[in-house]
Amino acid sequence: MLAHPRRDDDAVSTSSAPPETEDLEAVLQEVADQVRSAAEDGTVADYIPVLADADPSSFALVLSCLDGREFAVGDADQPFPIQSISKVLSLVLAARKSEATDGSGVADALWGRLGREPSGDPFNSLVQLEHERGIPRNPMINAGALVVDDILLDHCDDVPGDTLQLVERLVGEPVSFDEEVRNAERGTSHRNRALANLMADFDNLNHTVDEVLESYVAACALSLSTRQLARAFRFLANDGCDPGTGERILSASFARRCAAIMLTCGTYDAAGEFAYSVGLPCKSGVAGGIVALVPGWATIAVWSPPLDRTGNSVAGRLALDELAARLDLSIF
Ligand code: GLU
């Protein structure tokens with residue numbers, strides 16, 4: 001069993017003992033071989049042509065340890081749009097900006113305007129938002145991410161540019177937006193526009209619907225490889241500190257809270273099932289990526305485009321299930 005030691009805000013990476021006895025690359029390969037064919041049971045997202053055209057047989061699995069070791073199998077260097085996984089990065093950026101610029105703190109800036117409860121409704125539902133008077137349940141559903149983007153617009157002249165800058169710092173190399181995805185999202189964001197309009201009507205947006213949507217679609221189009229995705233999230237498995245550079249990205253307390261939100265709200269309406277079967281904070285996206293945190297030790301990223309009925313990657317979910325079981329990674 002891995003230890004998951006608690007650290008205070010000032011501590012830099014001291015990752016807990018990994019299972020040195022295992023040949024981790026071989027374990028990843030076995031897991032990949034075992035789960036890949038399950039992708040045949042899923043369907044790729046088809047609301048925009050660029051996602052509908054994704055190769056359903058693409059697959060990558062990466063384990064990125066806090067001590068710098070990295071294990072990868074499959075198409076680990078092929079970029080894909082991380083879509084809703086970016087909602088975590090936008091939340092992180094909003095936390096950083098609101099603390100840095102006006103000292104009001106994350107709590108004041110965020111939690112008066114959105115909640116921290118799983119929604120139990122589809123990620124793009126209008127019904128709940130109407131009932132709850134324009135206050136989104138959490139930052140991992142579309143309405144919540146739109147509020148986070150609205151907060152970012154208070155602090156950033158260029159939200160997409162600041163997002164890229166943060167991610168480039170985390171992965172240590174240039175990254176970009178997939179312009180085809182960004183344009184297609186712009187052209188199909190009728191429901192997101194409806195969510196934003198509803199929130200504007202309830203006075204929960206300070207910026208125009210167009211400005212907020214523009215930031216939102218850029219984040220959906222952020223294009224990372226599975227390897228970069230695993231690297232980008234390591235600070236969240238390390239109490240907010242980037243283990244590569246020692247730089248503090250977030251306070252330890254807010255990093256743990258981001259992990260809590262991922263665990264409870266990060267995988268659409270399957271968050272309970274993920275907590276039960278995988279036992280790790282995870283965030284998934286509609287292009288078939290999932291990133292998981294193993295606090296104090298590593299991150300795991302997986303990519304396989306075909307999705308199940310809950311909108312999570314079929315093979316990705318199985319890979320996390322299997323890897324967490326084999327390496328005894330559950331946080332519970
Ligand atoms: N671009 C998608 C939307 O806004 C995001 C979907 C997702 O990954 O959940 O509807």
Side-chain angles (χ1 to χ4, degrees), residues 42-54 79-91 114 118-129 136-150 152 159-160 163 177-199 205 209-224 226 229 232-233 261-262 264-271 274 282-292 301-314 316-317:
T43 329
V44 299
D46 61 2
Y47 68 96
I48 50 177
V50 57
L51 291 184
D53 291 345
F80 65 92
I82 66 167
Q83 290 283 353
S84 265
I85 301 173
S86 67
K87 291 177 167 76
V88 180
L89 299 168
S90 297
L91 177 65
L114 74 163
S119 71
D121 265 346
F123 68 99
N124 55 5
S125 168
L126 281 151
V127 176
Q128 194 169 53
L129 195 60
R137 276 284 175 105
N138 68 68
M140 301 293 110
I141 55 175
N142 289 13
L146 291 164
V147 168
V148 170
D149 283 316
D150 189 59
L152 282 171
V159 175
T163 306
F177 298 111
D178 182 325
E179 292 304 331
E180 200 182 341
V181 173
R182 176 148 58 169
N183 283 329
E185 294 281 348
R186 271 192 197 112
T188 54
S189 53
H190 312 299
R191 185 174 280 267
N192 291 326
R193 183 172 291 279
L195 291 168
N197 273 308
L198 191 53
M199 291 191 291
L205 284 192
V209 167
D210 282 335
E211 284 174 307
V212 172
L213 277 177
E214 195 50 36
S215 298
Y216 178 86
V217 299
C220 290
L222 182 60
S223 179
L224 296 181
T226 312
L229 180 61
F233 274 72
I261 290 169
M262 288 170 68
T264 52
C265 311
T267 44
Y268 308 111
D269 281 343
F274 267 78
C282 295
K283 181 73 195 95
S284 56
V286 78
I290 312 178
V291 64
V302 62
W303 174 52
S304 166
L307 309 176
D308 64 19
R309 273 182 303 174
T310 67
N312 293 290
S313 166
V314 181
R317 182 176 178 169

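Counting starts at 1 for both ligands and their atoms, following the listed order.
For the pair V159 and E211, the minimum side-chain heavy-atom distance is 4.5 Å or more.
At a heavy-atom cutoff of 4.0 Å, ligand 1 is surrounded by Y47, Q83, S84, F123, N142, E185, N192, Y216, C220, Y268, G285, V286.
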Atom pairs and distances, donor-acceptor, side-chain atoms in residues 139-147, under 3.5 Å, two or more places apart:
unit_1: N142; atom_1: OD1; unit_2: K87; atom_2: NZ; d: 3.0
unit_1: N142; atom_1: OD1; unit_2: Y216; atom_2: OH; d: 3.1
unit_1: N142; atom_1: ND2; unit_2: N192; atom_2: OD1; d: 2.9
unit_1: N142; atom_1: ND2; unit_2: Y216; atom_2: OH; d: 3.2

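Sorted by first and then second residue, the salt bridge (Lys or Arg N to Asp or Glu O under 4.0 Å) pairs involving residues 136-148 (not counting sequence neighbours) are E132-R137.
S284 pairs in a side-chain contact (heavy atoms from CB on, under 4.5 Å) with only one of the listed residues (I82, V291, L307, T267), which is T267.
A salt bridge between E185 and R182 is absent, with no side-chain N of the basic residue lying under 4.0 Å from a carboxylate O of the acidic one.
For Y268, the ring-ring contact (aromatic ring centres under 6.0 Å, His included) partners are F123, not counting sequence neighbours.
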